[in-house]
Amino acid sequence: MSSRTEAAVSSPAVQRTKIKPAPKRKWGGALLGLVLPVLILILWETASRAGWVAPYLLPSPTAVVEEMSGMAQEGELWGHISITLYRVFAGFFAGLAAAVVLGAATGYSRIARQLLDPMLQALRAIPSLAWVPLFVLWIGIGEASKITLVAVGVFFPVYLNLTSGIQGVDRKLIEVGRIYHFTSLQQIKKVILPAALPSFIVGLRSGLSLGWMFVVAAELLGASQGLGYLMVYGQNTSAPAIVIGSILLFAVFGKITDEVLKRIQTRALKWQDNLENA
Amino acid sequence: MLTVKKVSRTFQSGATGFENIDLQVKRGEVVGVLGTSGCGKSTLLRVLSGLDPEYEGSIQTKSENRGNAFGMMFQEPRLMPWLDVLDNVTFGFSKPSKKEAALELIETVGLKGFEHHYPKDLSGGMAQRAAIARSLLSQPDILLLDEPFSALDAFTKMQLQDLLLSIWEKHHTTTLLVTHDIDEALYLCDRIVIMRGQPGQIESELFIQRPKPRKRGDAVLGELKEQILKELDFTKR
Ligand SMILES: Nc1ncnc2c1ncn2[C@@H]1O[C@H](COP(=O)(O)OP(=O)(O)OP(=O)(O)O)[C@@H](O)[C@H]1O
Ligand SMILES: [Mg+2]
């Protein structure tokens, strides 16, 4: 027996032990994500209580919660929240509808693409907030101009992702449809739309987050109600607790709505061959 | 059943593709197409199936139902990743009407129990078998198979070859089978067409008059194999 074999026998070069993943791993992952926020909260609270930061600049978390729950009890807060949610959702669905119609047209028809796409791409180059003065001039400072602004923000990501999703559909799959003599409509329904769905949902999620951004912008610029207005109000009355509370509420609602879309995404795309579904 | 007259389809100004293909296929006949890689076999099937309309020459079929004269199985499975196996097999049909037939085919290709798996959870061979089931469901008059078993292990391959034999016995489907595997062609086909060249042309034709099912180690087939190997030899000419 050669010395090499002996060495291999006495100490295997590769050793693998299989460990079954603990069943609570998912929860463990979620908990791990909470560690940093909780630490920061504790640090923040102690910093405020110990007087390391001035309360008129950064009030303690408990002060923020007290302020907001006070407003909630008086009933004032709900009005602000609901009007902001209304603006986001109305704008989201308006932008979504326009994006689906135009995105499907330009994705599928070459003529529509040559006609519409250059113009839309040029419009996209305009920073969307630059529309604000024009919308206010045209539609006034009422609800319509705010909803339009949100819709513009939602439109572009959805539109771009949908067109590129449709254009990226595997030609090989379309050929399968052609073997079955599919009409254009069948081809769209049975091959193109399902194949473009992943990209479309990505567009939805980034559209929604832009929608939230734009609702803040719209409400900062001129509103008498809404979470964005509340921030301006807090700024003008030197009440940082209100500003911080509004920011936190934006975070909460933004996260909740994105989580809903994310659930839809995993549910609808469980066929996808990616790391998440492995 | 199928008459192909002087059909050509070339790319790169005549450098690749195939040229002047003349072929007559009788009803129920199984014709194998053997040829060197890149001689235009897949392209020929694409032209026949109607996927590639830019050919020259004439193609005639005697098919009653114009809708599904051709069934096609591609070199890759081409399953819809968002459909499970059952929905992939019934693809192109309303599901309730074909469900029974589909389940039967799924069982025949050995995928029972995997009806509700997505393609991502299938092995390459399983995906290919699902694709075979899909191409058989419509019961086309002419079945075009592009190297259907080239991705399978030897054993599954033999099983599926026997599956094809039993299907032919039942339905007498006219078939054009492109393959790299000479043994497969000899085992399954009534006639073998040999293509070679760039652009590819039909080099010769070979009738195999042995009754099916044949023995895999048949001596006569062995001799034919020698002959075919000589014809396909790269070093010649
Ligand atoms: N759309 C296309 N455009 C340009 N060239 C093409 C196109 N399709 C096929 N070809 C060329 O035609 C030739 C024949 O291709 P084909 O796929 O038919 O070969 P094949 O006989 O099926 O080969 P294999 O046995 O490797 O599958 C190749 O040289 C290929 O590059
Ligand atoms: Mg090929």
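Chain letters run A, B, ... following the sequence lines, proteins first, then strands; residues in each count from 1. Values in this document were obtained by computation on a predicted structure and should not be read as measured data. Values below: every heavy atom of this structure, side chains too, minus hydrogens, waters and symmetry copies.
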On the ring face of B:Phe149, is B:Lys157 found with NZ or CZ under 6.0 Å from the centre and within 45° of the axis? no
When you compare the side chains of B:Thr173 and B:Trp168, does any donor N or O come within less than 3.5 Å of an acceptor on the partner? no
Can you find a side-chain donor-acceptor pair between A:Ser209 and A:Ser206 that sits under 3.5 Å? no
Using non-hydrogen atoms and a 4.5 Å limit, figure out which bit of A:Ala268 sits close to chain B: side chain, backbone, both or neither. neither
Honestly, the part of B:Phe91 sitting under 4.5 Å from a heavy atom of chain A is both
Tell me whether A:Arg178 contacts the main-chain N or O of B:Leu51 through its side chain, where contact means a donor paired with an acceptor under 3.5 Å. yes
Any A:Leu123 side-chain heavy atom under 4.5 Å of A:Phe156 side chain: yes
Please classify the contact of B:Leu83 with chain A as side chain, backbone, both or neither, using a heavy-atom distance under 4.5 Å. neither
Pull out the residues in residues 99-118 of chain B that come under 4.5 Å of chain A, heavy atom to heavy atom, sorted by number. B:Tyr118
Within the 3.5 Å criterion, strictly below it, is a donor on B:Gln198 or B:Thr16 matched to an acceptor on the partner's side chain? no
Could you tell me if B:Thr10 and B:Glu19 have a donor-acceptor pair between their side chains, going purely by distance under 3.5 Å? no
Quick check on B:Arg46 against chain A: is it the side chain, the backbone, both or neither that has a heavy atom closer than 4.5 Å? side chain
Quiz question: by atom type and distance under 3.5 Å, do the side chains of A:Gln265 and A:Arg205 form a donor-acceptor pair? yes
